Amino acid sequence: MSAEPGVVEVDARGTRCPMPVILAAHAARELPPGTHLLVLATDPAAAADLPAWCRIRGHQVQALTTDPDGAIQAHLILGP
Amino acid sequence: MPRSSPGPRALLDAVASPLHPQAAATLAAALDAGWAEPTRLYAEARRAAALLERARESIAADLGVRPPELSFHLGAGPAALTAALDGAAWPRRRAGATMVASAVEHSAILIAGRYAAAQAQDARLFLEVPVDASARVSLTAWGHAVATPGCAVAALQHANGEVGTRQPVTAAHEQCAAAGVPLVVDAQASLGRWGVPPAYDVLVGDASSVAGPPLGLLVVPERTAFRRSGPPREAEFGRADARVWVPLALAAAEAWQQCAAVRAADNAAAHELIGRVRAAVAAIPDVEVVGDPDDRLPHIVTFSALYADGESLVRELDRRGLALASGSACTSSTLEPSHVLAAMGALTHGNVRLTLPWEAAVPERQAGIERLIAHLPEVVAGVRAQLGAQGL
């Protein structure tokens with residue numbers, strides 16, 4: 001899967017908690033506010049932890065979907 | 001796996017704690033005095049039967065119920081809970097088969113409810129009511145759910161055993177009563193420690209909560225319509241699947257009595273110790289205390305450390321002599337994180353759960369709390385460093 005233009009993709013598939021959140025945080029550190037971050041994950045905990053991280057760090061969850069096969073896609077907008 | 005340190009141990013996971021010493025002594029004595037099957041007619045059996053009824057009377061008195069309203073259940077709290085839901089729902093079978101439960105109920109309820117709905121391919125058979133960020137159930141949604149046509153029974157905790165938050169049981173019970181739906185109150189985390197829930201139709205507890213052996217308690221007041229489905233049962237007034245082993249009931253009653261005698265003082269001390277943990281945890285960067293800060297059980301605190309994993313935290317604490325639990329997925333066998341934390345919108349990773357034991361069962365608990373407070377910042381920082389998560 002390739003990211004759309006203007007979307008920064010973080011591929012955390014195959015990693016276990018808390019690595020999806022840590023990988024997202026590493027990416028976010030280098031990016032300006034308003035960036036659209038797409039985090040791909042397969043660990044079920046990521047579906048709860050990415051929104052919780054956003055709440056703590058002031059980012060926004062635009063959409064979060066979990067496919068029937070367990071693949072998680074989290075569209076996040078980085079806060080200030 | 002690193003070996004645990006040989007130094008002092010602090011047991012801070014009282015979901016299972018060492019028995020109260022007097023309960024342990026009673027259990028040992030009961031092996032001689034109460035081994036017999038109490039339904040037999042010979043002298044040893046009659047003695048066991050009399051001891052069993054004394055145990056029942058003593059716990060029933062503390063709960064403010066009549067002895068026949070209290071039954072004992074092998075299989076601990078979950079067995080009593082299963083019996084409670086089954087027995088409360090069966091008399092309602094003409095109204096329907098829907099069960100209502102909060103999203104933070106015991107997994108025994110959630111797994112059974114989801115299974116029943118999936119088997120019948122009818123999602124309406126199990127309604128999960130959402131909770132807010134502190135784990136408190138939404139009364140608006142609860143009211144709608146229990147008023148749904150076909151609702152047979154509802155289940156709500158007195159207080160959550162993972163995060164300590166208490167539920168608005170009185171208001172939820174009023175809504176149930178208005179809809180004619182019996183409310184099963186699951187007080188496994190609180191009964192014996194925090195008094196009796198203010199309202200219930202059926203009540204569930206476990207003697208583990210008073211440093212007793214795991215033994216399920218079920219209270220069915222005379223006013224509540226109750227009958228187990230399936231063939232009639234003989235044990236425990238027809239409510240239990242198996243007869244209780246008398247020594248367990250005697251040890252449970254002894255623990256109950258001992259803890260009831262010091263309940264107020266122990267709760268006050270526990271509240272103060274947990275308050276110190278909450279304050280210390282809040283001072284560590286990016287660690288969130290989960291659950292209601294005030295309307296909670298006095299002896300439970302749960303927190304989640306961002307960018308840390310629960311398994312490493314718990315193992316490192318253990319290495320330093322501190323025994324604690326975690327609701328993080330990596331510490332469970334299911335690979336699923338705690339449904340309670342997920343339902344609250346809390347971080348499920350980096351989770352640590354402290355259930356303070358009774359001082360009588362673990363006299364060194366205060367020293368343990370002090371050691372935990374001293375070690376925790378370093379433990380969290382160390383785990384984050386291992387994961388390459390500094391400076392995030």
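Below, chains carry the letters A, B, ... as their sequence lines are ordered, and counting in each starts from 1. These numbers were taken from a predicted model, which means no experiment stands behind them.
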Practice problem: Taking only Lys NZ, Arg NE, NH1 and NH2, and the carboxylate oxygens of Asp or Glu, determine whether D13(B) and R353(B) approach each other closer than 4.0 Å. | Solution: no
Quiz item: Salt bridge or not for R16(A) and E311(B), using N-O below 4.0 Å?
Solution: no
Quiz item: More than 12 heavy atoms of other residues, nucleotides or ligands under 6.0 Å from NE2 of H144(B): is that the case?
Solution: no
Quiz prompt | Greatest number of heavy atom pairs closer than 4.5 Å to chain A - which of H349(B), E288(B), M344(B) | solution = H349(B)
Exercise. Check each of E162(B), H158(B), Q157(B) against N160(B) using the side chain to side chain donor-acceptor pair (under 3.5 Å) test, and report the only one that passes.
Key: Q157(B)
Quiz item: Between L306(B) and chain A, which part of the residue has a heavy atom less than 4.5 Å away: side chain, backbone, both or neither?
Solution: side chain
Quiz item: So which of G391(B), S338(B), A343(B) has the largest heavy-atom pair count under 4.5 angstrom toward chain A?
Solution: G391(B)
Quiz item: In terms of side-chain geometry, is the basic nitrogen of D294(B) or R166(B) positioned less than 4.0 Å from the acidic oxygen of its partner?
Solution: no
Quiz item: Side chain, backbone, both or neither: which part of A308(B) has a heavy atom under 4.5 Å from chain A?
Solution: backbone
Quiz item: Where on I22(A) is there a heavy atom nearer than 4.5 Å to chain B: the side chain, the backbone, both, or neither?
Solution: both
